[in-house]
Amino acid sequence: MHRPHRRRPAYGPRRPRHNVPVNIAETADAFEARVFCVGFPKEGIQIQLTGGGVYVSGKMPVRDAYPDFLLQEYPVKSFERFFELSERVDTDNITAKYENGVLIIHAPKTAAAANVERSIPVE
């Protein structure tokens, strides 16, 4: 995974109304994205591999009325994010799980990319 992609994916809303924070980490053998989507039901979250990246979106069930907030700082209805994938990602083995309001996307590196540590002789 790379930093969030700046271009809009080929589908989805032109400008998302809401976004959610994301943390991305890299280890020796994988990339991991943690999408903070508290309050969104697991069934309302979709993940698509498309156009060299991962498209993540979520929708809340529609309610008849929303509270009249004095201050609103987190999304209420929907979100979407797009992340460009590195060529080092093994796209066949990407997994996702949802724990305590955080969507965790695990993208393992290819075998060739995971074994980059080696000694280089000095001539």
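Here C37 contributes atom SG and M60 contributes atom CE; the two are 9.0 Å apart, rounded to the nearest 0.5 Å. The distance from atom CG of N100 to atom CZ of F36, rounded to the nearest 0.5 Å, is 10.5 Å. For the atom pair CD1 of I105 and CD1 of I94, the computed distance is 8.0 Å after rounding to the nearest 0.5 Å. T95 OG1 to I47 CD1: the interatomic distance, rounded to the nearest 0.5 Å, is 9.0 Å.
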**Prompt:** Would E26 and R88 count as a side chain to side chain contact (heavy atoms under 4.5 Å, CB included) if you check the C-alpha gap in whole Å, the side-chain angles of each, and the deciding distance to 0.1 Å?
**Reply:** CA-CA 12 Å; E26 180 179 4; R88 300 181 298 157; 3.3 Å; yes

**Item:** V54 vs F82, side chain to side chain contact (heavy atoms under 4.5 Å, CB included): CA-CA, chis, key distance, verdict
**Value:** CA-CA 6 Å; V54 176; F82 183 78; over 6 Å; no

**Prompt:** Step by step, would you call I24 with F83 a side chain to side chain contact (heavy atoms under 4.5 Å, CB included)?
**Reply:** CA-CA 10 Å; I24 298 176; F83 307 99; 3.9 Å; yes

**Request:** Please lay out, stage by stage, how K109 and D29 fare under the test side chain to side chain contact (heavy atoms under 4.5 Å, CB included).
**Result:** CA-CA 5 Å; K109 293 180 181 177; D29 60 347; 5.6 Å; no

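Counting heavy-atom neighbours within 6.0 Å of Q46 CD, excluding the residue itself, gives a total of 12 or less.
When all heavy atoms of V20 and R81 are compared, the closest pair comes out as O-NH1, 2.5 Å. In terms of heavy atoms, T91 sits closest to L49 at O-CD1, 3.8 Å.
Counting heavy atoms from C-beta on, the side chains of H106 and P108 come closer than 4.5 Å. Put simply, the side chain of Y98 reaches to within 4.5 Å of the side chain of I45, judged on heavy atoms. Looking at E99 and I104, their side chains come closer than 4.5 Å, going by heavy atoms from C-beta outward.
Ring centroids of F40 and F79 are separated by less than 6.0 Å, placing the two rings close together.
Checking side-chain atoms of T27 against main-chain N and O of A30 turns up a donor-acceptor pair under 3.5 Å.
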